[in-house]
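For reference, the structure is listed below as structure tokens.
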2 protein chains.
Amino acid sequence: MKRITILDIAKELNITFSTVARALNDHPAISAATKQAVRETADRLGYRPNRVASSLRSGKTKIIGVLVPRLDVSFFSSVLHGIEGVMNENGYTILLFQSQESIKQEARGIETFLRSRVDGIIASISLETEGNGSYSEVRDRNIPLAFFDRVPQGLDVPAVTIDDYQGGFMATEHLIKAGYRRIVHINQYRDINIFNERLRGYLDALKQYGLPIDENLIIKGDFSLEFGRQCVRELMAARIDFDAIFTLEDFTAMGVVQELKAIGKRIPADVGIVGFANEAFTNLVSPTISTVDQCTVEMGEEVARLFLKLLKKGDYYKHKPEKIVLTPRLLVRESSSR
Amino acid sequence: MKRITILDIAKELNITFSTVARALNDHPAISAATKQAVRETADRLGYRPNRVASSLRSGKTKIIGVLVPRLDVSFFSSVLHGIEGVMNENGYTILLFQSQESIKQEARGIETFLRSRVDGIIASISLETEGNGSYSEVRDRNIPLAFFDRVPQGLDVPAVTIDDYQGGFMATEHLIKAGYRRIVHINQYRDINIFNERLRGYLDALKQYGLPIDENLIIKGDFSLEFGRQCVRELMAARIDFDAIFTLEDFTAMGVVQELKAIGKRIPADVGIVGFANEAFTNLVSPTISTVDQCTVEMGEEVARLFLKLLKKGDYYKHKPEKIVLTPRLLVRESSSR
DNA sequence: TTGAAAGCGCTAACAT
DNA sequence: ATGTTAGCGCTTTCAA
């Protein structure tokens, strides 16, 4: 099947291709009759506008690059769901790239986006990324850029995040108000802003309620269910006294719950638990796990909208970048209700 | 910052732009010295090849359109994770579109892909799609096309699926062997091939083990946790005797478990449960739920590889389309172990 | 209201 | 080993 171009339509109708182009783009100077004829012929011949050609000429691709760490993590796929939904409604298509949490792969993604001449980039940085990664170059080329959740520290760019500080604070405050006093916090060993913020929230809540800060209660490691179990084992082995655990994310909390149940601790009577992320399972397991909801789909939609605003403004880097901070929702469930 | 083209590099070095183009593409006829000089200048000037131009000229975009129902469903985001991983390694980028389970939106997706001149399309059809949807047109245009999991019935195309028949059979057989005799099956009201296959597996297992088929035990509805609960309530209200339930997917199974526990039934002693999909929570709840694993990431990787083979062959629609059927894994857990 | 013509940045056939 | 040339299919300016 031969590829139909505006030239073929023009020949059919004995007009020039530029008239066809204008008719298809609903140019005001073209007569209704011509437009009608052009559209019918286009349909009849099975014409599909060639976006590649139009992009080359116009310099706009109507494509947005989205760079996420990995899509088998429900947080990122939910956000992507939100981004795609809004972008789609506004006539943009998503070019997708996973960094797989690798800084090198992240750089490849940006390179690909640059070569593909995307109209802009939305990203969440990899765990390995330090400083600005390859993002300064995007900025230098005046390509609009927005981040969600994980934002490079050094770059003053538009971003949508949740208030991780507040999330950490709320979780801890809730545990304190429920009467827990020796609250363990399991964090991550890497220097990632959002994780540091949750820790800061934890510390400030303790301070505000006059509780001592005990370094023995602050654990850093990698996050996983297994790590949660290990933490409990180590706390017990070291005979460290505790009556609650606030974890950086839900899988760790799940591990904590499993191990505590295994050694006969009652939840929430003996130990209160709060996780982070509102993974689907937290509301299905027994006891249901209290957690902090990160408004994933909303975050995606917000970053997409913020991005569209940015695109309209032009001069992306001349204005003060807009930052949207969503308020996390504390979901109190059985694991901390006593 | 001015956009650098091969012409700028050529001017710097006093050679022609075609030499530059060849040097950049590592053409054998170009001297090592020239290549070296060109690459250095390209780096120095911050040159990025323009893929849009190269695509227009070459007719290849190195972009694959991926059309999925929705990314907030973990099945699809996991498969996409697999697809992107393999495609990425092979130099392809993913253009993403969600049909949101709507046939109209699905058609828009295909239209977008066609206009974007993607090198091929990988898709899983929407629940609304009947017949071939808009896919016949893709075929007519000789654009390579492959499906995963949900495949249009009428089109003979390459596809990766799991053996849903076998999944249904294994689940049912396992329940029979565990001593359950009155096995309910909760299915979906729509005429979707993969769902029908699971039902067929259920029926055949009953037949093979000489158990009667009781229409009262076959329920059709929409899938959700709430529907699972409702089914149990209705079975009880109608005083229908049953000792096991095999559901079409895990959330329904979860609802079934919750409702049964609520009315004091013991699992697996009184009622055995098997779900389908191996959602993350099935291994975390209590009792852990037996389920059928769909090999999601593997499915994505397989469909990507199948696709790459297809691309190499050319003449996509002249060969007999390859179909890969993955064997599902039955995961026996507490909910059906007695 | 329509036509003519230039050019976006490459690839690739042909020429030297 | 390098240069010349002709497009790919559009958008857009200028002219009629």
Side-chain angles (χ1 to χ4, degrees), chain A residues 1-39 41-42 45-63 91 111-119 141, chain B residues 1-39 41-42 45-63 91 112 114-119 141:
Chain A
M1 188 170 178
K2 187 193 171 302
R3 281 275 154 79
I4 305 298
T5 73
I6 48 174
L7 221 97
D8 299 305
I9 300 175
K11 272 184 207 140
E12 283 276 310
L13 296 171
N14 279 317
I15 52 180
T16 58
F17 69 94
S18 56
T19 302
V20 174
R22 278 191 279 250
L24 290 169
N25 292 325
D26 208 20
H27 189 106
I30 301 294
S31 74
T34 309
K35 280 182 188 171
Q36 173 79 353
V38 166
R39 281 190 195 127
T41 316
L45 299 180
Y47 169 74
R48 303 282 149 178
N50 186 332
R51 273 205 184 184
V52 178
S54 122
S55 295
L56 178 61
R57 181 59 234 246
S58 69
K60 297 266 154 268
T61 50
K62 285 287 199 176
I63 290 176
E111 177 74 29
T112 303
F113 289 163
L114 255 28
R115 295 183 175 205
S116 302
R117 299 298 193 261
V118 296
D119 286 350
R141 287 174 187 268
Chain B
M1 187 169 177
K2 188 194 171 300
R3 282 274 152 80
I4 305 297
T5 73
I6 48 174
L7 221 98
D8 298 305
I9 300 175
K11 272 185 206 140
E12 282 274 311
L13 296 171
N14 280 316
I15 52 180
T16 56
F17 71 95
S18 59
T19 303
V20 174
R22 279 191 280 249
L24 290 169
N25 292 326
D26 208 19
H27 189 107
I30 300 294
S31 74
T34 310
K35 280 181 189 172
Q36 172 80 354
V38 166
R39 281 189 196 129
T41 317
L45 299 180
Y47 168 75
R48 302 283 148 178
N50 186 335
R51 274 204 185 187
V52 178
S54 130
S55 295
L56 177 61
R57 183 57 234 249
S58 69
K60 297 267 155 266
T61 51
K62 285 288 200 173
I63 290 176
T112 303
L114 255 28
R115 294 183 176 207
S116 303
R117 299 296 193 262
V118 295
D119 285 350
R141 289 175 186 268

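In what follows, chains are A, B, ... by sequence order, proteins preceding strands, each numbered from 1. Hydrogens, waters and symmetry mates play no part in the numbers below; they use all other heavy atoms, side chains included. The model shown is predicted, which means the values in this text are computed figures rather than measured ones.
- OP1 or OP2 of dT11(C) sits under 4.0 Å from a side-chain N or O of Asn25(B).
- For the pair Ile4(B) and Gly46(B), the tightest heavy-atom approach, listed with the atom from each and the gap, is CG1-O, 4.4 Å.
- With values rounded to the nearest 0.5 angstrom, Arg115(B) atom CZ is found 12.5 Å from Lys62(A) atom NZ.
- In the set dG9(D), dT2(C), dG9(C), dG9(D) carries the atom at the smallest distance from any side-chain atom of Asn50(A).
- Checking Ile15(B) against Tyr47(A), the closest nucleotide of DNA chain D that is more toward the 5' end is the one next to Ile15(B).
- Nucleic acid contact for Arg22(B): base, since at least one base atom lies under 4.0 Å from a heavy atom of the residue.
- Here Ser58(A) does not reach the OP1 or OP2 of dT12(D): none of its side-chain N or O atoms lies under 4.0 Å away.
- Phosphate proximity of dG9(D) to Ser54(A): absent, as no side-chain N or O sits under 4.0 Å from OP1 or OP2.
- Spacing between atom CG of Asp8(A) and atom P of dG9(D) amounts to 9 Å, rounded to whole angstrom units.
- Residue Ser18(A) places no side-chain N or O under 4.0 Å from the OP1 or OP2 atom of dT12(D).
- Here the OG-CD1 distance, from Ser18(B) to Ile6(B), works out to 8.0 Å after rounding to the nearest 0.5 Å.
- Residue-level contact check: Leu7(B) touches neither bases nor backbone, having no heavy atom under 4.0 Å from any strand.
- No contact: Ser55(A) has no heavy atom under 4.0 Å from any strand.
- Between Asp26(A) atom CG and dT12(D) atom C1' the separation is 17 Å, expressed in whole Å.
- One finds a side-chain N or O of Thr16(A) lying less than 4.0 angstrom from the OP1 or OP2 phosphate oxygen of dG3(C).
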